[in-house]
There are 2 protein chains.
Amino acid sequence: MPTTHAHISHSFHVLSQNDLLAALPADELERIQHHLELIPLPLGEVIYEFGGKLSHVYFPTTAIISLLYVTEDGASAEISIVGNEGMIGVAIFMGGGTMPNMAVVQSAGYAYRLKAQLLQQEFNRSLPMRHLLLRYAQALLTQMAQTAVCNRHHSIEQQLCRWLLLSFDRLPSDELVMTQELISNMLGVRREGITDAARKLQSAGLIEYRRGHITLLDRQGLEDNVCECYRVVKREYDRLLPDRIAT
Amino acid sequence: MPTTHAHISHSFHVLSQNDLLAALPADELERIQHHLELIPLPLGEVIYEFGGKLSHVYFPTTAIISLLYVTEDGASAEISIVGNEGMIGVAIFMGGGTMPNMAVVQSAGYAYRLKAQLLQQEFNRSLPMRHLLLRYAQALLTQMAQTAVCNRHHSIEQQLCRWLLLSFDRLPSDELVMTQELISNMLGVRREGITDAARKLQSAGLIEYRRGHITLLDRQGLEDNVCECYRVVKREYDRLLPDRIAT
DNA sequence: ATCAGTCTGTGTGATAGCGCACAGAAATAA
DNA sequence: TTATTTCTGTGCGCTATCACACAGACTGAT
């Protein structure tokens, strides 16, 4: 029963586990607080389809969600990763309503959700809300742009490092439940390519994995191996959304 | 003398040559009209550098501008193309001020420019302005996302088709002044790769080229060859910015 | 405890794109 | 005109990645 589950877990959850909610001014947060529902998001759940209209926006706390594009011949590519630093549904306040990609839960967890219409109202009404969400949208823009660059120029191993770091940054623990097959779908490469790259990282002592579980052992080591794309994206998130514990 | 040049050409230019300006309500346009300067943009001019702060935003009329990212080891990749359908400087109203990429004139022409501060004021003041610019930003987001997908999955030839169509869509004529070397920089591939692809397109009768000039011969043919990415992006621009001749 | 299903490791070609090197052609400058 | 620079064409070997195929290992359900 999701409701019970949500209810039980509610005591362990606080709104501030999502950085955007945490950065809202107190009065603003108070206004929407009662409309926020804590929702469990199981692995693989599709939050919206290609072009699908969103009834709610989602502010993940422990869940991680991937924005994916699936090509006509079935190949896929991750456009961006969203976790507790952000939200799903920028198209709501950007005005388009939908986007030509899909959102899938990449790592199970929780998210607060809010009726799309309500978010839109608040976006129009409140200047701080608007500023915050727009800055987040810009960070998202940068992540997408850098994904394009990374896809063009960097090796699978570098991309895997980037992907792992971005994921672990958004995760409360050091263990990621994720098969190599799924990672290969995200990065849009072959599963064997991920196997090779992961083995290298494991024998270098940076990660450890076994059948669908990846454990972070040496973050610094990963950062030493990753391409600039990770740093560019991270720096931009830090710059644009600095007030993660604010007001 | 740019000033003279701008002045002379002014008589041939109307604000509505830029779709965003054209879509503004009359009263809004009137308010900013006197602050818009027509500026010539020569090929290769850098509008902003990596992380550079913008003093103005630009609304191209006949110019085409590329957003590029240059990697630490000197490779480059185009993030998006901006022409008379859009503007340079979304970071101004998104709130970040700068972005981690650069903007370079890819095809010489003109653009109206407006002081950044003024745009920001109008963005905050006027709801139609805000809606318009946000929808444009969303279209830009889609272009970036699709660039990532295309970089991952499609051949150089397909990408060249996409790039040519996006460029010709933004150009008043059927001739593009552009060397293969420059195109290869945009797409982030070798020059020889472009030579091969271009030769194929030429012998198929879709384009014709000679030393830095490319002529569009068969648009339908290009569209038949291009990957879905072009269509996805175009459909999204059409959907989000339909009122190109409005109000 | 067993078995079916899922994940990971590995091998063998094929191929797209890369790096480099250089030649001929076209435009531009002197 | 002639000389110089800038483009484009082409060849050759190299590498990363792909496509396919299958074996072994782990896990969870019965």
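Sequence lines set the chain letters: A, B, ... in the order given, protein chains first and strands last, and positions in each chain run from 1. Keep in mind that what you see is a predicted model, and the values were worked out from it rather than measured. No hydrogens, no waters, no symmetry mates; every other heavy atom, side chains included, goes into these values.
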- Side-chain donor or acceptor of Q159(B) paired with backbone N/O of H154(B) under 3.5 Å: yes
- Check: E175(A) main-chain N/O paired with S173(A) side-chain donor or acceptor under 3.5 Å: yes
- Message: Strictly distance-based, threshold 3.5 Å: is any side-chain N or O of N151(B) a donor or acceptor partner for the main-chain N or O of A148(A)?
- Response: yes
- Would you mind listing every salt bridge (Lys or Arg N to Asp or Glu O under 4.0 Å) that reaches into residues 139-165 of chain A, with sequence neighbours excluded? E157(A)-K200(A)
- Integer-rounded Å distance: dT8(D) P and E181(B) CD: 9 Å
- Item | Q17(B) and T61(B) side chains, donor-acceptor separation under 3.5 Å | no
- Query: dT17(D) P sits how many Å from N151(B) CG, rounded?
  - Reply: 15 Å
- Query: Does R219(B) make a cation-pi contact with Y230(B) (under 6.0 Å, within 45 degrees of the axis)?
  - Reply: no
- Taking 4.0 angstrom as the limit, do R231(A) and E228(A) come out as a salt bridge? no
Sort me out a list of protein N/O and nucleotides 1-3 of chain D N/O pairs below 3.5 Å, or just none if empty.
none

- Message: Here's a test of your reading of the structure: between R152(B) and G212(B), which maps to the more 5' nucleotide of DNA chain D?
- Response: G212(B)
- Message: Test your reading of the model: is there a side-chain donor-acceptor pair from S76(A) to the backbone of N185(A), 3.5 Å cut-off?
- Response: yes
- If you find the nucleotide of DNA chain C closest to E157(B) and the one closest to T179(A), which residue's nucleotide is nearer the 5' end? T179(A)
- Message: When you measure from the side chain of E78(A) to the backbone of G188(A), do you find a donor-acceptor pair of N or O atoms at a distance under 3.5 Å?
- Response: no
- Nucleotide interval of DNA chain C bounded by contacts with chain A (heavy-atom cut-off, under 4.0 Å): dG5(C) to dT10(C)
- Would you say Y48(B) and K53(B) make side-chain contact, with heavy atoms under 4.5 Å? no
- Item | Side chain to side chain, L20(B) and L241(B), heavy atoms closer than 4.5 Å | yes
- Query: Got Y136(B) and M87(B) here, is their nearest side-chain heavy-atom distance under 4.5 Å?
  - Reply: yes
- For T195(A) and R191(A), does a side-chain donor sit closer than 3.5 Å to a side-chain acceptor? yes
- Nearest-angstrom distance from the residue atom CZ of R199(B) to C1' of dC7(D): 15 Å
- Task: On DNA chain D, check which nucleotide each of H154(A) and A198(B) is closest to and give me the residue with the more 5' one.
- Result: A198(B)
- Item | Of residues 183-197 of chain A, the positions that come close to DNA chain C - non-hydrogen atoms, cut-off under 4.0 Å | R191(A), E192(A), T195(A)
- Message: Determine whether a donor-acceptor pair (N or O, by modelled atom type, separation under 3.5 Å) exists between the side chain of N18(A) and the backbone of P60(A).
- Response: yes
- Message: Can you build the contact string for nucleotides 24-30 of chain D? Use B for base contact, S for sugar-phosphate-only contact, and - for no protein heavy atom under 4.0 Å.
- Response: -BBS---
- Message: Strictly distance-based, threshold 3.5 Å: is any side-chain N or O of Q138(B) a donor or acceptor partner for the main-chain N or O of G96(A)?
- Response: yes
- Query: End-to-end bend of the helix from dA1(C)-dT30(D) to dA30(C)-dT1(D) (five-pair axes, 10° rounding)?
  - Reply: 40°
- Query: With a cut-off of under 6.0 Å to the ring centre and 45° to the axis, is R235(B) in cation-pi contact with F50(A)?
  - Reply: no
